[in-house]
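First comes the structure, then the notes that go with it.
Below, chains carry the letters A, B, ... as their sequence lines are ordered, and counting in each starts from 1. Worth knowing before you read on, the calculation uses all heavy atoms, side chains too, and leaves out hydrogens, waters and symmetry mates.
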There are 2 protein chains.
Amino acid sequence: MSAAIGQLELIVLLTVARRGDDAYGLAVRRDLSERTGRDYSIGAVYTTLQRLEDKGLLRSKATDPLPVRGGRSRRLFKLTAAGARAMREAERIATSVWAGIPSTIRLEHA
Amino acid sequence: MSAAIGQLELIVLLTVARRGDDAYGLAVRRDLSERTGRDYSIGAVYTTLQRLEDKGLLRSKATDPLPVRGGRSRRLFKLTAAGARAMREAERIATSVWAGIPSTIRLEHA
DNA sequence: TAGATGTATCTATTTTGTAGAACAAATCGC
DNA sequence: GCGATTTGTTCTACAAAATAGATACATCTA
C-alpha cells in the first residue's frame, strides 16, 4: 500500500488535476482559496507542490517566459501515474469514511 | 472561521459520531482500520482523540469497570456542538474540493 | 498468584502544514 | 534606459498533526 498523503497535499493534487495543462503555483493557490474559502500562504502551496513532486505524484517543467507584464517562466505541474493512483485511493477512503454520516448532523442534547 | 482540523482528526471525529454511545479508543481504532484499510497504532488514535477533546470537538467520561476479562474502565467520547459544526464544515470543503473530479481519472500519456 | 485480555497513558520522533521574506524576470511609463 | 510594477518562484524557519510503541492498569482464569 502506498504511503498516505496529507490533507493539503490531497487538495493540491486535486487542484493540479483539475487545472490540467495550466497548473502552476500561483494559479493553484488561487483555486485553493476559492474552493476552501480560506487563504494559503505562498510558501504553503509551493512547499506542498515540491513535496508531491519529491514523492513522485507530480512532475514539473518550466515554460518559456510570456510576453506580458510579469510574464516570467512558470513551473507547470502535472499528475504522474502514481499521482492518479493516489487520488483514486484517497477517493476510496473519503467515500468510506463519510458513508453513513447524515448531511445534517444532530446532537441528542448538546 | 473555526480552525481547520487534520485529516486523521476528521476521520476519528466521524468514527466517534458513527459509533454514538459506544465510542472509546480501541473500538474507534478498529473501525478506523476497517474503513481505511490500514492500521493505526494505539498511540495515533489516543493522541488524536485527546487533541479533539482539547479543541472542544469531543468530550469524554469514564465508564465504570466492566465485569469481564480485561474490563477496565473505558473512556467514552461524544461529539460536542462544536464537533458537529466542524463535521459540517469539513463536509462542505470536501464536497467543494472533489467537485468536478471524475471518478475515473485518466492520464493523457502518463 | 501468574498469565491473558482489553483498555488507557506517556514520551519521543517524523511528517505535514504554514508563513513570509527574499529573489527573479518580465513589461510599463517616463 | 531605468525605476516602478507585476507575476512568479525559492528559501528558511517554525508550529501542528501524525505516528509508533513501551508502559501502566483492571479484570478474569487457571
Phosphate OP1/OP2 of [N] contacted by [X] side-chain N/O (<4.0 Å):
X	N	result
B/Y24	C/dA8	no
B/R30	C/dT7	yes
A/Y40	C/dA19	no

Is a side-chain donor-acceptor pair under 3.5 Å present for A/D39 with A/S33?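 A donor-acceptor contact under 3.5 Å links the two side chains.
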[atom2] on [Y] to [atom1] on [X], rounded to 0.5 Å:
X	Y	atom1	atom2	value
B/L57	B/L79	CG	CG	8.5 Å
A/D31	A/L14	CG	CG	11.5 Å
A/T63	A/K61	OG1	NZ	9.5 Å
B/Y40	B/I11	OH	CD1	4.5 Å

Is a side-chain donor or acceptor of [X] paired with a backbone partner of [Y] at a separation under 3.5 angstrom?
X	Y	answer
A/E9	A/T48	no
B/R75	B/A62	no
A/S96	B/R35	yes
A/R18	B/V97	yes

May I ask you to say what B/R29 touches in the nucleic acid, namely base, sugar-phosphate or nothing, with a heavy-atom cut-off under 4.0 Å?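 Result for B/R29 = nothing.
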Determine the contact category for B/G25: base if any of its heavy atoms lies under 4.0 Å from a base atom, sugar-phosphate if only primed atoms, P, OP1 or OP2 are that close, otherwise nothing.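 Sugar-phosphate, no base atom in range.
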Could you tell me how far apart [X] ([atom1]) and [N] ([atom2]) are, to the nearest whole angstrom?
X	N	atom1	atom2	answer
A/L76	D/dT7	CG	C1'	14 Å
B/F77	C/dT7	CZ	P	13 Å
A/I93	D/dA18	CD1	P	14 Å
A/L26	C/dA24	CG	P	17 Å
B/D54	D/dA17	CG	P	10 Å
B/L57	D/dA16	CG	P	15 Å
B/Q50	D/dT19	CD	C1'	16 Å
B/Y46	D/dA24	OH	P	17 Å

Every protein N/O lying under 3.5 Å from an N/O of nucleotides 12-16 of chain C:
unit_1, atom_1, unit_2, atom_2, d
C/dT16, OP1, A/K55, NZ, 2.9

Give me the one residue out of A/R74, A/R29, A/R19 that meets side chain to side chain donor-acceptor pair (under 3.5 Å) with A/Y24.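 Result for side chain to side chain donor-acceptor pair (under 3.5 Å) with A/Y24: A/R74.
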Nearest nucleotide by nearest heavy atom, which residue falls closer to the 5' end of DNA chain C, B/I42 or A/A44?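 Counting from the 5' end, the first nearest nucleotide belongs to B/I42.
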Pairwise 5' ranking along DNA chain C for A/S41 and B/R74, keeping only the more 5' one: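 On the 5' side of the pair lies B/R74.
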Looking at the side chain of A/R75, which of C/dA8, D/dT10, C/dT18 is the nearest nucleotide?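 Nearest nucleotide to the side chain: D/dT10.
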Between the protein and nucleotides 25-30 of chain D, list the N/O to N/O atom pairs that are separated by less than 3.5 angstrom.
unit_1, atom_1, unit_2, atom_2, d
D/dT27, O2, B/G70, N, 2.9

